[in-house]
Number of protein chains: 2
Amino acid sequence: MRHASPQPAAAVPPVRTPRVGRDSPLFVGSLEKGLRVFSAFDDTHRALRLTEIAAVTGLDKSAAQRFTHTLHELGYLRKDPKTKHYRLAPKVLELGFTYLRTDNLVERATPYLLEAHKRTEETVNLTELDGTDIIYVARVPSRHQITFDVVLGTSLPAYCTAPGRAMLAFMPDEQSRSIAERSNRIAYTDKTITDLNALAAAHARARRDGYALVSEEFSPGEISIAAPVLDFARQPIAAVNMAVPMSRWTLQMIERKLVPVLMETAQAIARSEGGTTDLPPLRRTRLPQVKRASR
Amino acid sequence: MRHASPQPAAAVPPVRTPRVGRDSPLFVGSLEKGLRVFSAFDDTHRALRLTEIAAVTGLDKSAAQRFTHTLHELGYLRKDPKTKHYRLAPKVLELGFTYLRTDNLVERATPYLLEAHKRTEETVNLTELDGTDIIYVARVPSRHQITFDVVLGTSLPAYCTAPGRAMLAFMPDEQSRSIAERSNRIAYTDKTITDLNALAAAHARARRDGYALVSEEFSPGEISIAAPVLDFARQPIAAVNMAVPMSRWTLQMIERKLVPVLMETAQAIARSEGGTTDLPPLRRTRLPQVKRASR
DNA sequence: ATATCTCGTATTGTCATTCAATACGATGAT
DNA sequence: ATCATCGTATTGAATGACAATACGAGATAT
């Protein structure tokens with residue numbers, strides 16, 4: 001803090017506080033902090049001690065203590081009584097997987113993804129947009145793939161991945177530009193497009209072609225193609241994606257064999273949406289005070 | 001929760017409040033309530049309005065408003081601006097899947113589960129215990145299975161499922177009895193064992209055999225077998241499980257073809273645990289104030 | 001067309017709950 | 001042996017969560 005501003009004591013900040021979003025009195029900070037504890041864990045940080053959690057999440061020791069205690073009590077964290085290490089408990093799986101069960105899109109898309117996999121023998125993904133990122137929400141892994149599939153739930157930047165580009169290409173210009181601007185545009189490879197105008201051009205081409213092709217912009221040696229799934233208002237709600245190694249595929253082969261399947265799949269999923277825009281009007285009558293069995 | 005129960009005015013509860021667990025001053029109620037919002041959603045409640053969330057979670061309207069606002073702001077909930085319906089956002093997948101990436105057991109077990117699947121052509125599951133429930137943490141689906149796999153993350157009662165029984169059978173008696181007692185022992189079928197002594201007998205038999213066989217106690221027409229994965233201290237930390245329809249399998253066939261694979265798999269996973277009890281002592285030196293890249 | 005009901009949203013005063021500083025004992029490194 | 005760091009528990013204080021309330025919109029019934 002500089003010198004106290006020479007204004008008389010009772011100076012109230014003249015700026016009008018917005019009182020919206022996180023500043024709204026409706027925002028519960030404790031919930032946000034508690035959830036931040038979850039994000040402290042990843043594949044390189046599997047077991048954390050209290051102080052580490054505090055450091056990683058930016059909470060002080062007391063706060064970390066309270067939130068880990070709470071999450072442990074609720075069964076979301078395990079604690080090794082000897083080493084005092086915290087780990088995620090399997091119960092957190094419930095959180096994530098209810099999403100897969102509640103997302104109509106995943107449910108409707110799955111048969112088409114399987115069909116596309118059968119026709120191409122390659123991995124087929126479905127992704128959705130989450131801010132400036134894409135998130136894998138469904139996946140049919142290629143047969144040869146041995147390792148188990150933990151790609152679901154992974155998020156990658158939208159601007160330099162095929163699914164992201166396919167979705168950005170089909171949304172209003174100002175919206176895609178806004179996402180591109182807000183993205184942390186890193187050059188993952190020397191082919192990564194980071195310039196805003198160049199991105200807009202890439203979007204235009206994808207829009208013209210009906211699909212996006214991204215070659216080695218995120219991982220070297222890999223070509224990724226994606227087509228958007230459009231809703232009734234022609235807005236992208238997801239993208240079908242296939243990524244193949246350049247060692248096995250050429251551009252020509254991709255355009256001839258993969259792209260047709262890709263686009264048919266995306267369109268079939270979009271059509272399957274049929275008339276239901278969002279959800280059928282389940283209840284038209286008075287709300288009978290919903291009760292639910294505990295488990 | 002807030003309102004004190006309508007006790008007579010100045011009456012201070014004479015019982016010594018334990019000040020532990022949920023009554024501890026370390027327990028953050030707001031976090032618990034916020035997480036309760038997630039559990040309001042399931043496959044039959046995919047889109048909920050504010051009032052429904054309030055009713056299902058037991059929160060009052062104001063609380064539901066605050067927590068949905070917060071979760072929406074954080075990106076965990078989507079809100080249809082027209083219908084005002086809330087849905088889970090794909091971001092919750094991140095929560096669930098970090099578990100799969102951080103669980104050493106899942107990582108180590110996967111190759112053996114794949115191997116077991118190859119040898120039997122049947123679905124192979126890995127489950128862990130969570131209180132009185134089992135939770136599916138890994139799964140290699142059978143080839144014929146068409147539907148996409150949303151079983152991961154599902155929890156079922158331990159007392160009447162093969163994985164649960166396999167794990168209960170190999171833990172100290174008082175511990176398995178405690179779990180059985182705390183379980184809500186429903187007779188899902190007319191073969192379901194709900195009596196505590198009968199359960200103890202079933203555990204004894206499973207302990208003797210080395211695996212548990214549960215026939216039609218949870219779903220009719222299905223036989224489920226499971227073997228425990230024991231840690232260095234011979235305590236069960238998980239169970240390998242296979243469930244097959246009686247239409248294709250007899251008891252004899254199961255014992256001859258499936259059980260050997262099952263037990264070998266479970267033991268191989270246990271052995272793979274090797275020397276590392278919990279986690280290698282990653283750092284022996286001073287903690288260098290962990291910093292982490294934001295994404 | 002009007003009245004009634006329910007819902008979602010926004011506001012506010014109050015106080016319980018969260019907060020963060022602190023203290024203590026244990027453990028391990030120097 | 002000494003010091004540092006960690007996990008745990010406690011407590012006073014005030015911040016931030018709370019819940020009651022009010023209002024407008026939309027739907028339904030009269």
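Everything quoted here is computed from the prediction, not taken from an experiment. By convention in this document, chain letters (A, B, ...) are assigned in the order of the sequence lines, proteins followed by strands, and residues within each chain are numbered from 1.
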**Message:** Please compare Phe67(B) and Leu50(A) by the position of their nearest nucleotide in DNA chain D and report the one closer to 5'.
**Reply:** Leu50(A)
**Message:** Which is more 5' along DNA chain D, the nucleotide nearest Arg66(B) or the one nearest Tyr86(A)? Just name the residue.
**Reply:** Tyr86(A)
**Item:** Residue Val28(A), side-chain atoms from C-beta onward, closest of dC6(D), dT11(C), dA17(D)
**Value:** dA17(D)
**Request:** Examine dT8(D): is either OP1 or OP2 under 4.0 Å from a nitrogen or oxygen in the side chain of Lys79(A)? Give yes or no.
**Result:** yes
**Prompt:** Can you tell me how far P of dT18(C) sits from CZ of Phe27(B), to the nearest Å?
**Reply:** 9 Å
**Asked** So does Ser30(B) reach the base of dA17(D) with its side chain, donor to acceptor, closer than 3.5 Å?
**Response** no
**Prompt:** Does Glu73(A) come within less than 4.0 Å of Lys79(A), counting only side-chain N to carboxylate O?
**Reply:** no
**Request:** Please give the angle, rounded to 10 degrees, between the axes at the start and the end of the helix from dA1(C)-dT30(D) to dT30(C)-dA1(D), where five pairs define each axis.
**Result:** 40°
**Fill in**
Between Gln65(A) and Leu31(B), whichever has its closest DNA chain C nucleotide further toward 5' is Leu31(B)
**Item:** Length of the NZ-P vector between Lys84(A) and dG25(C), whole Å
**Value:** 16 Å
**Message:** So, OP1 or OP2 of dT5(D): does either fall under 4.0 Å of a side-chain N or O from Thr51(A)?
**Reply:** no
**Complete:** Between Asn104(A) and Arg87(B) the two heavy atoms that sit nearest each other are ND2-NH2, 3.5 Å
**Asked** When we call it a touch if two heavy atoms are under 4.0 Å apart, what does Lys33(A) touch: a base, just sugar-phosphate, or nothing?
**Response** sugar-phosphate
**Asked** Is there a donor-acceptor contact under 3.5 Å linking the side chains of Ser178(A) and Arg182(A)?
**Response** yes
**Asked** Starting at CD of Glu52(B) and ending at C1' of dC7(C), how long is that distance when rounded to a whole Å?
**Response** 11 Å
**Request:** Check the distance between dC18(D)'s P and Leu59(B)'s CG and give it to me in whole angstrom.
**Result:** 9 Å
**Message:** Can you classify the ring geometry of Tyr86(B) versus His72(B) as parallel (below 30°), tilted (30 to 60°) or perpendicular (above 60°)?
**Reply:** perpendicular
**Request:** For the side chain of Arg49(A), starting at C-beta, report the closest nucleotide among dT10(D), dC6(D), dA20(D).
**Result:** dC6(D)
**Request:** Would you please indicate if the ring centroids of Phe27(A) and Phe67(B) are separated by under 6.0 Å?
**Result:** no
**Request:** Specify the separation, in whole Å, of atom NZ of Lys82(A) and atom P of dA26(C).
**Result:** 16 Å
**Request:** To the nearest Å, give me how far apart NZ (Lys61(B)) and C1' (dC7(C)) are.
**Result:** 7 Å
**Request:** Could you pull out all residues at least two apart from Gln65(A) that satisfy side chain to side chain donor-acceptor pair (under 3.5 Å)?
**Result:** none
**Message:** Strictly below 4.0 Å, N to O, side chains only: are Arg101(A) and Glu94(A) in salt-bridge contact?
**Reply:** no
**Request:** Could you state the atom-to-atom distance from CG of Asp60(A) to C1' of dT18(C) in whole Å?
**Result:** 12 Å
**Request:** Would you mind reading off the distance between Glu32(A) atom CD and dT15(D) atom C1', rounded to a whole angstrom?
**Result:** 17 Å
